[in-house]
Amino acid sequence: MNTANDISSDLGRILVTGGAGFVGGNFVRYLMRESGMQIANIDLLTYAGNLETLAGVEDEPNYRFVHGDIADARTVNCLIRDFRPSCIVNIAAESHVDRSIDGPAAFVRTNVNGTYCLLEAVAAYWRELDESARERFRFLHVSTDEVYGSLGDTGAFTETTPYAPRSPYSASKAASDHLVQAWWHTYGLPTLITNCSNNYGPYQYPEKLIPLMILNALSGKPLPIYGTGGNVRDWLYVEDHCHAIWRVLGAGTPGETYNVGGNSERTNLEVTDTLCMLLDELLPDAPSRPHRQLLTFVDDRPAHDWRYAIDAAKIRTELGWQPEETFESGLRATVQWYLENTAWCDVVKSGSYGGERLGLKDVES
Ligand code: NAD
């Protein structure tokens, strides 16, 4: 996996934030398999973070978990001084657009203040490293394509597309990206940013489209389609996202951003239809079969971005990354994972979220 200019073999000690969530949990598992690095994972364990996601990892000698908040300067400073990372991957975030409509404050707090707090602590630590360690140090910020706003029926986001976020979630991620860029330009902190399209795969909290639809279908509940169902996302299997983060960390150029996408545009209706067909095939005796009968059109999300599409030419040509899963193979693996991991689903759903519709508060009041 390593290339001549790849520094990942020298990285040594990695601090991951948000490693008990969907992308973070998959990334910690990826590191365990691929890297042999010393790993520290700081996570606040919000409703979206769950230690069950890391079952089997916690006893590994090269892994350490810290229950803490990236927006708490004291915790972050202590952890960085104690663990002495050679690189940091910031994945912790509030991540659900619908929740950001109902309660934007947590998004500003974690995504903006939390990223700021990390940058301050990291920059102070980085300045004190010796020259060679400072040179090799990396701060990789994991972000989203949603910062670019909404596309019409054609075109794709490139790294130079102007930012135009439209939801409290994407605005808070855009703000965090700008802070990261500022720490590179102003202080020289060796930062990297990845802006990735929609992910799916194992361990995704069942409020997001794909796991919500799978679990609703399994219980014979309606499959809610927002608006016409025509909104388009560019889907990427989470393992391919983890691989992209790893490539950028090892071989990306400091100060640069990299778009990551699956070249798999699908409307929400197409995604749900494919899920229904897979469930029909894998569960021939299910009482809700054919699952398509559960499709239910509901009010659209306010300011629902119409289409996202990623031009991933830069990461493909400069770093040799490309997705390994097709949408069909990744979705099949995902459905099979949820069918085989109902215990994980029961644990994560035992919190406060019962699958109800979120993100309409301001429209209804
Ligand atoms: P998630 O909601 O599943 O996980 C977020 C994790 O962060 C949770 O474990 C949570 O406990 C933790 N966390 C939240 N606030 C924290 C805080 N203040 N301190 C420490 N930990 C905190 O989210 P996700 O889907 O894994 O997304 C993670 C990141 O990846 C986000 O920055 C998101 O923008 C980016 N991303 C996600 C996708 C996607 O489709 N899931 C696509 C592109 C980019």
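Both counts, for ligands and for their atoms, begin at 1 and track the order of listing.
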Pairs of nitrogen or oxygen atoms closer than 3.5 Å, one from His241 and one from ligand 1: do any exist? no
Ligand 1 atoms in contact with Asp69 (distance to a heavy atom under 4.0 Å): 17 (C), 18 (N), 19 (N)
Which of the numbered atoms in ligand 1 are under 4.0 angstrom from any heavy atom belonging to Val142? 30 (O), 32 (O), 35 (C)
Decide whether the shortest distance between a heavy atom of Gly114 and an atom of ligand 1 is less than 4.0 Å. no
With side chain to side chain donor-acceptor pair (under 3.5 Å) as the test, would you mind laying out the steps for Trp321 and Asp240 before giving the verdict? CA-CA 9 Å; Trp321 173 88; Asp240 282 321; 5.1 Å; no
Examine Thr110 against ligand 1 and note whether any of their N/O atoms are separated by less than 3.5 Å. yes
Students should be able to answer this: which protein heavy-atom is nearest to atom 4 (O) of ligand 1, and at what distance? Gly21 CA, 3.5 Å
Numbering the atoms of ligand 1 from 1, which are under 4.0 Å from a heavy atom of Leu45? 11 (O)
Strictly by modelled atom types, are Lys208 and Ser95 linked by a side-chain donor-acceptor pair under 3.5 Å? yes
Would you indicate whether the side-chain heavy atoms of His96 and Tyr169 approach each other to under 4.5 Å? no
Does Ile42, backbone or side chain, put an N or O under 3.5 Å from an N or O of ligand 1? no
Of the non-hydrogen atoms in Leu129 and Arg134, which two are nearest, and what is the gap between them? O-NH1, 2.9 Å
Run Asp177 and Asn195 through side chain to side chain donor-acceptor pair (under 3.5 Å) and show every step you take. CA-CA 9 Å; Asp177 291 8; Asn195 293 97; 3.1 Å; yes
When you measure from the heavy atoms of Gly68 to every atom of ligand 1, does any distance fall below 4.0 Å? yes
Which of the atoms in ligand 1, numbered in the order shown and given with their element, are less than 4.0 Å from a heavy-atom of Gly49? 8 (C), 9 (O), 11 (O)
Show the atoms of ligand 1 that are less than 4.0 angstrom away from any heavy atom in Thr46. 10 (C), 11 (O), 14 (C), 15 (N)
Give a yes or no on whether a salt bridge exists between Asp273 and Arg292, defined as a side-chain N under 4.0 angstrom from a carboxylate O. yes
Only heavy atoms of Ser197, strictly under 4.0 Å: list the atoms of ligand 1 that pass. 42 (C), 43 (C)
What is the closest protein heavy atom to atom 21 (N) of ligand 1, and at what distance does it sit? Leu44 N, 3.0 Å
Do Asp43 and ligand 1 have an N or O pair less than 3.5 Å apart? yes
Exactly one of Trp184, Tyr258, Phe139 clears side-chain contact (heavy atoms from CB on, under 4.5 Å) with Leu192, and that residue is Tyr258
Hey, does Val23 come in under 3.5 Å of ligand 1, counting only N/O atoms on both sides? yes
Atom 1 (P) of ligand 1 sits nearest the protein heavy atom Ser95 OG, 3.5 Å
Does Val97 share a hydrophobic cluster with Leu151, counting links as ILVMFWY side-chain heavy atoms below 4.5 Å and allowing steps through other members? no
Over 12 foreign heavy atoms within 6.0 Å of CD, Glu131: no
Do you know which two heavy atoms are closest between Ile245 and Thr194, and how far apart they sit? CG1-OG1, 4.5 Å
Got an N/O contact under 3.5 Å between Ala71 and ligand 1? no
Quick one: does Tyr169 get an N or O within less than 3.5 Å of an N or O on ligand 1? yes
Do you know which two heavy atoms are closest between Val271 and Arg266, and how far apart they sit? CG2-CB, 3.7 Å
Does Glu270 reach the side chain of Phe327, with side-chain heavy atoms less than 4.5 Å apart? no
Ala106 near ligand 1, heavy-atom distance under 4.0 Å? no
Would you say Asp311 has more than 12 foreign heavy atoms packed within less than 6.0 Å of its CG? yes
Side chain to side chain donor-acceptor pair (under 3.5 Å) partner of Tyr148, chosen from Asn259, Asp305, Thr161: Asn259
Please report the shortest heavy-atom distance between Glu58 and Leu54, naming the atom on each side. OE1-O, 2.9 Å
If you measure every N/O of Phe22 against every N/O of ligand 1, is any gap under 3.5 Å? yes
Side chain, backbone, both or neither: which applies to Asn198 and ligand 1 if a contact is any heavy-atom pair less than 4.0 Å apart? backbone
Suppose I only count heavy atoms of Ser143 and a 4.0 Å limit; which atoms of ligand 1 are within that range? 43 (C), 44 (C)
Looking at atom 19 (N) of ligand 1, what's its closest protein heavy atom, distance included? Ile70 N, 3.0 Å
Which residue and atom name correspond to the protein heavy atom nearest atom 31 (C) of ligand 1, and how close is it? Ala93 CB, 3.5 Å
Give the residue and atom name of whichever protein heavy atom lies nearest to atom 43 (C) of ligand 1, and the separation in Å to one decimal. Cys196 O, 3.3 Å
So, is Lys173 polar-close to ligand 1, with some N/O to N/O distance under 3.5 Å? yes
Which residue supplies the protein heavy atom nearest to atom 40 (O) of ligand 1, what is that atom called, and how far is it? Asn199 N, 2.8 Å
N or O pair under 3.5 Å between Asn50 and ligand 1: no
Just jot down the ligand 1 atoms closer than 4.0 angstrom to any heavy atom of Ile91, in number order. 28 (C), 29 (C), 31 (C), 32 (O)
Is there a side-chain contact between Ile210 and Leu331 in this structure, where contact means two heavy atoms from C-beta onward sitting under 4.5 Å apart? yes
Does the separation of the ring centres of His178 and Tyr163 fall below 6.0 angstrom? yes
